[in-house]
Amino acid sequence: MNIVGKERDSRTYDAIVVGSGISGGWAAKELCEKGLNTLLLERGKNVEHVKDYPTAHYHPWDFKYGIYPSKQDEQESPVQSLFFDAGNKHFFVNDQEHPYIQERPFNWIRGYQVGGRSLVWGRQCYRWSDLDFEANLKDGIGVDWPIRYRDIAPWYDYVERFVGVSGKAEGLKQLPDGQYLPPFELNCIEKHLAQSIHGRDAQKKLTIARVANLTVPWHGRGSCLNRNLCSRGCPYGGYFSSNSATLPTAMATGNLTLHPNAVVSEVLYDDAKQRAYGVRVIDAITLETTEYYARIIFLNASTIATTAILLNSTSSRFPNGLGNDSGELGHNLMDHHSYAGAYGEHRGFADTYYKGRRPCGFIIPRFRNLRGHEGLPFLRGYNMQGHGERQEWQERGQVLDGFGTVFKDQLTKPGPWTVWMGGWGECLPYHDNQVTLSREEKDRWGMPMVKISFSYRTNEHEMMEDIEETAMQLLEDAGFVNVYGFNYSKAGGSTVHEMGTARMGHDPNTSVLNKFNQLHVVKNLFVTDGSCMASSACQNPSLTYMALTARACHFAVEALKRGDL
Amino acid sequence: MTRRRALYLIMVLVGVITAYPLLKWVIYTSRKPDLGKLNAMRPLISELVETIIPATDSPGAKEAGVADFVIGKVIFYLDRREQNFFIDGLGDIEQLSRKGYGQSFMNCTMDQRVKILECLEDQQLFLHPLLIKVKRKLFGFSFISYLKAYTVEGYCTSLLGATRCLNYQATPQSYQPCVPLVLLGQRSWATK
């Protein structure tokens, strides 16, 4: 197709960003603020902050038959319905409309809308440290990260200052402190557990979660009102999402064009100039095809989706997917495990309760293998996340026998204090945990269906055993009773921290992206979502995606100014 | 009795024992549940939920409209097999009541009604855990488990249950981590 003149001009921008989730929102904001005329493409429907949060003010009785997914939900969305409820299901895809192939079980959780999964994320914000960035090199696993903590630290500062992260500085080397708003408070049982843990082992520390929920008004957004209904969208802007924060900021520059319902099928590559020159877009509703052009392109479609676009962008130069000289594109898919842990009850503090619904719990930062290998049957480590609360009707209803007046009285009074905690554990990169495209099956947009093959291995299973035992021990030491350990043994993807498949690295022969998230061989194409990760550490990853994105945007614009791109 | 004949008898016995639940499973899975019956049984369901959570100094499950909630749950949340099981369970209530007290459940006193439900729950309590597991796999949770769980959920999420029995705050504003329970009126929060 030859398009000349005005028609082509109207579809030409300085920059294109694909995907409006947590990293795409940042790319749009940064590029717009730096003066680039930016097109943001989002495959899903538009979601306007506040206006499109239909359930945000619903009371429990506004859901006719409760909040749990119905039989119909389970049939239509067997995977997503494991994660949504009646309050937020409109922010998850329908599995029947968006099928994928599980060669080995993998729960691929998706939110196709403006804002993506930043609307429903867990909001945990933890920095990585050099313990994480140096791990692959030290263990000889995968490829070495091309960056170290000092490269990303200022960018953590930068994004935290805009996001608004509440938390407490603890001076821990393995979980560096950041720019924090005042922390939420631990409740009685959590304080008790914290004292018990720290008293027995100075290396272990329990601290309040570091979360993107505001404890003071911030950049025009209101404080969190402790409703704990975040995943429905917050009408007060009490937590960070693309919709509440980055997109309005990008829009205010006047440089942003937002196109919802725009499914990117491939990145267009100019063989002669060795550059990406645009993207091909299928309208999600009319199925019409359009091309858009730009000097730089950021792919932020999410870990698996970004890689699918690259795999689908083939040319004579790149028959196996754009930028895939190394053959690593699609490989080394990771997802934290968060399925093992322990639960216990405590008989103390019976006269105390809490008021308000704090939107977060606590974290016990990593304490395993901090100084090299400690003789454990696994590499790397985990942190524990959990929360303390009193049993309420949801739990009491399951354990109380009987019926009538006494049952009602017991059901509606607070039961014993409890703590639930699980280990969020590192998942190593395995070459054959991978994403490929089906040759035969296509979706309704004519895109090859994504095939996912994933499993946890010995290192993850050994770690889960240690988590279960250790969590039980920590609770028993603190005087908890009826303590039991668990391992839900869920399929990969269930932590919704999928990472890897287009890893960063020094060497173009073994990695897809360089240290500034550029494709080694297509310099004006950047990938700054979870695809870029070379290892998974054990911290919740979104903050790192945001920091890497801001850093790459800065680099890209400087390079443009120098005429290097 | 010859050895062969003894073996034969044992095999027949094993066959019968395993065939019964299998047959039941086939029937319950294939039979189209008579959901119209649920609406006809609304008065009974109303009395059942009120027996589980009666009116005290706060409204009971009947006034809170929990019967409609339970019926909706059975229609939209259970599969065909579980629906059959639930509807048959409602019929069993009437049988138990006539056997035990010589009258319909509707005419029983509150004490008698509670005893009937306890009788059903006790049957579950005394089953071997493994047997309960197998039963659940084949038939889902028991009638009484579903009835009780749905009544609890329906009541505690209803306007009357959440606001007049439990403690509900739509917009708490702040989080106070350790408050004396007496200051909060002793009742649980309605939502987490």
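Below, read A as the first sequence line, B as the second, and so on, with proteins coming before strands; counting in each chain starts at 1.
- Looking only at heavy-atom pairs under 4.5 Å with chain B, the residue among A/Phe184, A/Tyr236, A/Tyr68 that has the most is A/Tyr68.
- Across B/Val152, B/Val114, B/Leu159, B/Leu166, the residue that shares the most heavy-atom pairs under 4.5 angstrom with chain A is B/Leu159.
- Of the atoms belonging to A/Arg396, not a single heavy atom falls under 4.5 Å from chain B.
- Per-residue counts of heavy-atom pairs under 4.5 Å with chain A were compared for B/Lys73, B/Glu118, B/Lys148; the largest is that of B/Lys148.
- For a residue to count as touching a neighbouring chain, one of its non-hydrogen atoms must lie under 4.5 Å from one of that chain's; by this rule A/Leu229 does not touch chain B.
- A distance-only check finds no donor-acceptor pair linking the side chain of A/Lys64 to the backbone of B/Phe69 [under 3.5 Å].
- With a 4.5 Å cut-off on non-hydrogen atoms, B/Thr56 touches chain A through its backbone and its side chain both.
- At a heavy-atom cut-off of under 4.5 Å, chain A is reached by B/Tyr168, B/Gln169, B/Ala170, B/Thr171, B/Pro172, B/Gln173, B/Ser174, B/Tyr175, B/Gln176, B/Pro177, B/Cys178, B/Val179, B/Pro180, B/Leu181, B/Leu184, B/Gln186, B/Arg187, B/Ser188, B/Trp189, B/Ala190, B/Thr191, B/Lys192 from residues 167-192 of chain B, listed in order of number.
- Remark: side-chain polar atoms of B/Glu121 are not paired, donor with acceptor, to backbone N or O of A/Asp401 under 3.5 angstrom.
- Looking at B/Tyr155, the atoms closer than 4.5 Å to chain A (heavy atoms on both sides) all sit in the side chain, from C-beta outward.
- With a 4.5 angstrom heavy-atom cutoff, A/Glu389 touches chain B only via side-chain atoms.
- In this structure, the portion of A/Gln394 lying under 4.5 Å from any heavy atom of chain B is its side chain and not its backbone.
- Counted by atom type alone, A/Lys408 and B/Ser58 present one or more donor-acceptor pairs between their side chains at under 3.5 Å.
- When all heavy atoms of B/Ile52 and A/Phe407 are compared, the pair lying nearest together is O-CD2, 3.5 Å.
- Counting heavy-atom pairs closer than 4.5 Å to chain A, the top residue among B/Gly161, B/Gly72, B/Ala162 is B/Gly72.
- Within a 6.0 Å radius of CD in A/Glu170, other residues, nucleotides and ligands contribute more than 12 heavy atoms.
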Determine whether B/Ile144 and A/Phe403 satisfy the following criterion, side-chain contact (heavy atoms from CB on, under 4.5 Å), listing intermediate values before the conclusion. CA-CA 11 Å; B/Ile144 193 68; A/Phe403 308 89; 4.0 Å; yes

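- Heavy atoms of B/Asp79 lying under 4.5 Å from chain A belong to its backbone as well as its side chain.
- Counting heavy-atom neighbours within 6.0 Å of A/Asp409 CG, excluding the residue itself, gives a total above 12.
- In terms of non-hydrogen atom pairs under 4.5 Å with chain B, the most contact-rich of A/Lys413, A/His57, A/Lys355 is A/Lys355.
- With rounding to the nearest 0.5 angstrom, the OG atom of B/Ser145 is 10.5 Å from the CD atom of A/Gln398.
- Residue A/Ile189: no heavy atom, backbone or side chain, is found under 4.5 Å from chain B.
- By number of non-hydrogen pairs under 4.5 angstrom with chain B, the leading residue of A/Gly356, A/Gly415, A/Pro359 is A/Gly356.
- The part of B/Ala55 that comes within reach of chain A is its backbone (N, CA, C, O), which places non-hydrogen atoms under 4.5 angstrom from that chain.
- Side chains of A/Phe63 and B/Thr157 form no contact here, defined as non-hydrogen atoms less than 4.5 Å apart.
- Taking both residues in full, the closest heavy atoms of A/Ser70 and B/Phe76 are given as CB-O, 3.6 Å, listed atom of the first, atom of the second, then distance.
- By the 4.5 Å heavy-atom criterion applied to side chains, A/Trp61 and B/Thr163 are counted as neighbours.
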